[in-house]
Amino acid sequence: MLGEYVYLDNGAITRMDERVLEAMKPYFFDVYAVATSEFGYSMGIEAREALDDSRKILAQSLGAGEEEFIFTSGSTESSNIAIKGVALALGDKKGKHIIVSKIEDFPVLYSAKSLEKQGFEVTYLDVDDEGFIDLEKLRDCIREDTILVSIQHANQEIGTLQDIATIAQICQEKKVVFHTDATHSFTRAPLDVNNIPVDLVTVSAHTIHGPHGVGGLYIRKGTPLRKWMDGGFQEFNFRAGLENIPGAVGFAKAVQLIDDNENQKLQEMRDRLLDRILNEVPQTTLNGSRLKRSPQNSNITFHFVEGESITLHLDMRGFAVSTGSACFSRSLEASHVITGIGGDHERAHGSVRFTFGRFNTMEDVDNVVDAVTDVVENLRRISPLGKTD
Amino acid sequence: MAVVKINVVGETCPVPLVEARKALRKASPGDIIEITGTHPASKKEIPMAVEALGLELVEVKEEGDSWKIKIKR
């Protein structure tokens, strides 16, 4: 707060890489035409080429064809286009039943809730104590009138990686469209649409050191999807609106900058933090799976203390982290993810998420562990929550 | 040097600490932040934060059911 700062909330948003900004700059100042002006003047051709080249990079990163990827304003828009687009395309033809998990991020959950108000029926699948859906239960829940299954790849809070390969196979067998929100796994965990028969994939640049407010949606060729935002005919007529060419270029650059070494480094930081805290700080519980989790995510409950107190004290010591505590959220409700995995409100209140990014170091990990150990010890001494030993 | 007074009477965790933090961010070196509250845990928690920040805890005073904490930025 008053000095140097270590940012460990990369699950919320990441610091953009300078190289991304450098790649974007020419498209603000030199090539600023809209892509649809390609038929009129040469700057438009350059703009179109930049957009097409960026699209190719994004599509290839998922194993997709260029015509199967559209740019959006972020993961919220991508998931809304996917879920509501399928509902519009199939609601009157096949049925009005949708399946999502209980721990989806808000764009998926609230898109489903919005459709419920319009006469659709939604099944909210339970998850186990590590955040995994029951694959047999999913199979049993799919009905004749089921039009869409939307199950995330990595969870936004606890990092649990669902077995989307099997989920996609089940959906393929049952002839149901499958959407996955891969905002928190894109480029961090493998996802190749040639091996996984998923139909729609939400991705975003804000979690991978790309520009904020830029996302994308993979749409498998032939997927029933109706456009619902009226306007122009951009993005293969799936998404109306001026193309954000600097954003697309920046997103592509962000993808190119990620490699396996970086993901390995993130995983090593994650594992060191988990090992140290779970071994050194008493009365702590890991939230999520120890092994099947995104490489950048750690989430731990410190019992008998409030997560917001931990985050505030860490902030004042120069560390940014987040919590699933109700008092920290605008909704004043405890994390639906922690309660979804069977945690009570006390567990949600004491949960703290540490998410790593490119600009973190192993020294940051050791420093935050030392700081949180001290903060938690001090807070437990004055804890109004009962047991402090 | 200014004296900044914050009233968090009736507020519970984390509001007193959040408000103290806001005031400390805006204050200039040498300013005094005077926080009045009633939540018992905050009376202990705010001094902890002051120590972590390396600031001076000028006074912690009980006044009936409430407390007053003075911090020098």
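Shortest non-hydrogen contact noted between B:P14 and A:L312 is CB-CD1, 3.5 Å. Nearest approach of B:L53 to A:M316, heavy atoms of both residues: CD2-O, 2.9 Å. A:E306 approaches B:C13 most closely through the heavy-atom pair OE1-CB, 3.6 Å.
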Test side-chain contact (heavy atoms from CB on, under 4.5 Å) applied to A:I382 and B:M48, step by step | CA-CA 10 Å; A:I382 61 166; B:M48 273 169 51; 4.0 Å; yes

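Every residue two or more places apart in sequence or in another chain that forms a side chain to side chain contact (heavy atoms under 4.5 Å, CB included) with A:D364 is listed here: A:V6, A:N360, A:T361.
The local environment of CG in A:D344 is crowded, with over 12 non-hydrogen atoms from other residues, nucleotides or ligands closer than 6.0 Å. Atom CD of B:E59 has more than 12 heavy atoms from other residues, nucleotides or ligands within 6.0 Å. In the displayed structure, A:Y110 atom OH is contacted under 6.0 Å by at most 12 heavy atoms of other residues, nucleotides or ligands. Heavy atoms from other residues, nucleotides or ligands lying under 6.0 Å from CD of B:E63 number more than 12.
For the pair B:V18 and A:E308, the minimum side-chain heavy-atom distance is 4.5 Å or more.
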